[in-house]
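The structure displayed is predicted, hence computed values, not measured ones.
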Amino acid sequence: MVFWQLTIDANDPPLLARFWARALGYRSTPPTQPPTTWHAHFRGRLGGEAAFEDRLFDPAGLRPPLWFQRVPESAAGKNRLHLDIYPTGRDDALPQAQRIEIVEAKVAELVAIGATVQRRTRGDDPADLFYYVTMHDPEGNVFCVS
């Protein structure tokens with residue numbers, strides 16, 4: 001089994017870690033369950049600290065951790081990789097109006113903590129309903145909420 005984390009370049013790692021912790025429901029401490037060598041590794045790296053200021057972990061220990069790596073340069077151009085957040089759970093049974101309501105509630109929450117909206121995209125074909133909002137985190141990284 002291969003373990004992996006997502007590394008995101010940042011000018012202010014603690015700022016982005018706080019933002020993404022709230023956006024994803026992640027925590028700044030590694031979980032104890034399930035017992036993995038990687039989570040044990042990260043708990044050992046904490047030393048005497050209570051939490052990381054630049055790393056985030058899925059509290060259930062199932063999804064990959066995030067590391068916000070300090071870099072001197074600012075983001076330039078479009079991301080080649082971005083996160084998609086699905087507060088709808090990608091539930092195809094939800095009517096379009098309910099999907100939009102759920103997405104917009106998450107968008108409002110993210111704007112309140114520093115994100116900005118780039119654009120909204122909607123498709124009303126009954127065979128392929130979709131709605132997503134393209135956003136930027138506090139350092140300008142692109143992500144979508146759908």
Side-chain angles (χ1 to χ4, degrees), residues 1-92 94 96-123 128-146:
M1 173 182 223
V2 173
F3 179 89
W4 63 279
Q5 71 180 7
L6 180 62
T7 302
I8 299 170
D9 289 350
N11 297 127
D12 187 345
L15 171 72
L16 283 189
R18 287 189 303 272
F19 173 83
W20 284 105
R22 292 201 42 205
L24 300 174
Y26 270 41
R27 297 193 181 134
S28 57
T29 55
T32 57
Q33 296 296 320
T36 68
T37 56
W38 274 95
H39 294 140
H41 165 80
F42 286 125
R43 283 192 303 278
R45 295 226 15 227
L46 272 172
E49 299 296 320
F52 287 102
E53 67 173 14
D54 62 352
R55 291 184 189 275
L56 295 175
F57 303 88
D58 169 22
L62 303 175
R63 296 174 287 179
L66 304 176
W67 176 38
F68 300 92
Q69 174 178 254
R70 185 175 304 280
V71 296
E73 67 276 357
S74 296
K78 184 182 181 302
N79 299 25
R80 297 293 302 267
L81 172 77
H82 73 261
L83 299 181
D84 289 337
I85 299 173
Y86 295 98
T88 61
R90 297 200 73 149
D91 184 348
D92 291 335
L94 293 174
Q96 181 77 317
Q98 189 175 2
R99 290 180 195 195
I100 292 170
E101 183 179 314
I102 292 167
V103 168
E104 288 297 332
K106 186 66 173 181
V107 166
E109 174 190 325
L110 296 170
V111 166
I113 60 171
T116 56
V117 173
Q118 179 179 338
R119 72 175 171 276
R120 288 170 168 81
T121 306
R122 177 179 178 153
D128 186 23
L129 293 173
F130 63 87
Y131 181 76
Y132 65 92
V133 179
T134 304
M135 303 186 74
H136 296 269
D137 74 9
E139 286 199 7
N141 298 304
V142 175
F143 68 98
C144 292
V145 180
S146 180

Can you give me every donor-acceptor pair (side chain of residues 28-40, partner residue at least two apart or in another chain, under 3.5 Å) with its distance?
| residue | atom | partner | partner atom | Å |
| --- | --- | --- | --- | --- |
| Thr36 | OG1 | His39 | N | 3.0 |
| Thr36 | OG1 | His39 | ND1 | 2.8 |

For [X] and [Y], which heavy atoms make the closest approach, and how far apart are they?
X	Y	answer
Ala23	Lys106	O-NZ, 3.0 Å
Val133	Arg120	CG2-CG, 3.7 Å
Gln96	Gly123	NE2-O, 3.1 Å
His82	Val142	CB-O, 3.0 Å
Tyr131	Val103	CE2-CG1, 3.7 Å
Phe143	Leu110	CE1-CD1, 3.7 Å

Nearest-0.5 Å distance that lies between atom [atom1] in [X] and atom [atom2] in [Y]:
X	Y	atom1	atom2	result
Arg55	Arg45	CZ	CZ	5.0 Å
Leu6	Arg63	CG	CZ	13.0 Å
Arg27	Phe52	CZ	CZ	15.5 Å
Asp54	Phe68	CG	CZ	9.0 Å
Ile100	Leu94	CD1	CG	11.5 Å

Taking the side chain as C-beta and beyond, is there a heavy-atom pair between [X] and [Y] under 4.5 Å?
X	Y	answer
Thr88	Gln98	no
Phe19	Glu139	no
Val145	Pro87	yes
Val107	Met135	yes
Phe130	Thr121	yes

Check against side-chain contact (heavy atoms from CB on, under 4.5 Å), Leu24 and Leu56: CA-CA 10 Å; Leu24 300 174; Leu56 295 175; 5.8 Å; no
Partner of Phe57 under ring pair (Phe, Tyr, Trp, His ring centres under 6.0 Å), chosen from Phe42, Tyr26, Trp20: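 Passing option: Phe42.
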Report the C-alpha distance between Arg22 and Glu109 in whole Å, list the side-chain angles of each, state the deciding distance to 0.1 Å, and finish with yes or no for salt bridge (Lys or Arg N to Asp or Glu O under 4.0 Å). CA-CA 9 Å; Arg22 292 201 42 205; Glu109 174 190 325; 5.8 Å; no
Should we say atom CD of Glu49 is surrounded by more than 12 heavy atoms from elsewhere, each under 6.0 Å from it?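 No, not enclosed.
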Keeping [X] on the side-chain end and [Y] on the backbone end, is there a donor-acceptor pair under 3.5 Å?
X	Y	result
Glu53	Ala17	no
Asn11	Val71	yes
Arg99	Leu129	yes
Thr134	Cys144	no

Check Asp9, Leu83, Leu16, Leu81 against Asn141 for a side chain to side chain contact (heavy atoms under 4.5 Å, CB included) and give me the one that passes.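 Testing each of Asp9, Leu83, Leu16, Leu81 against Asn141, the sole residue satisfying side chain to side chain contact (heavy atoms under 4.5 Å, CB included) is Leu16.
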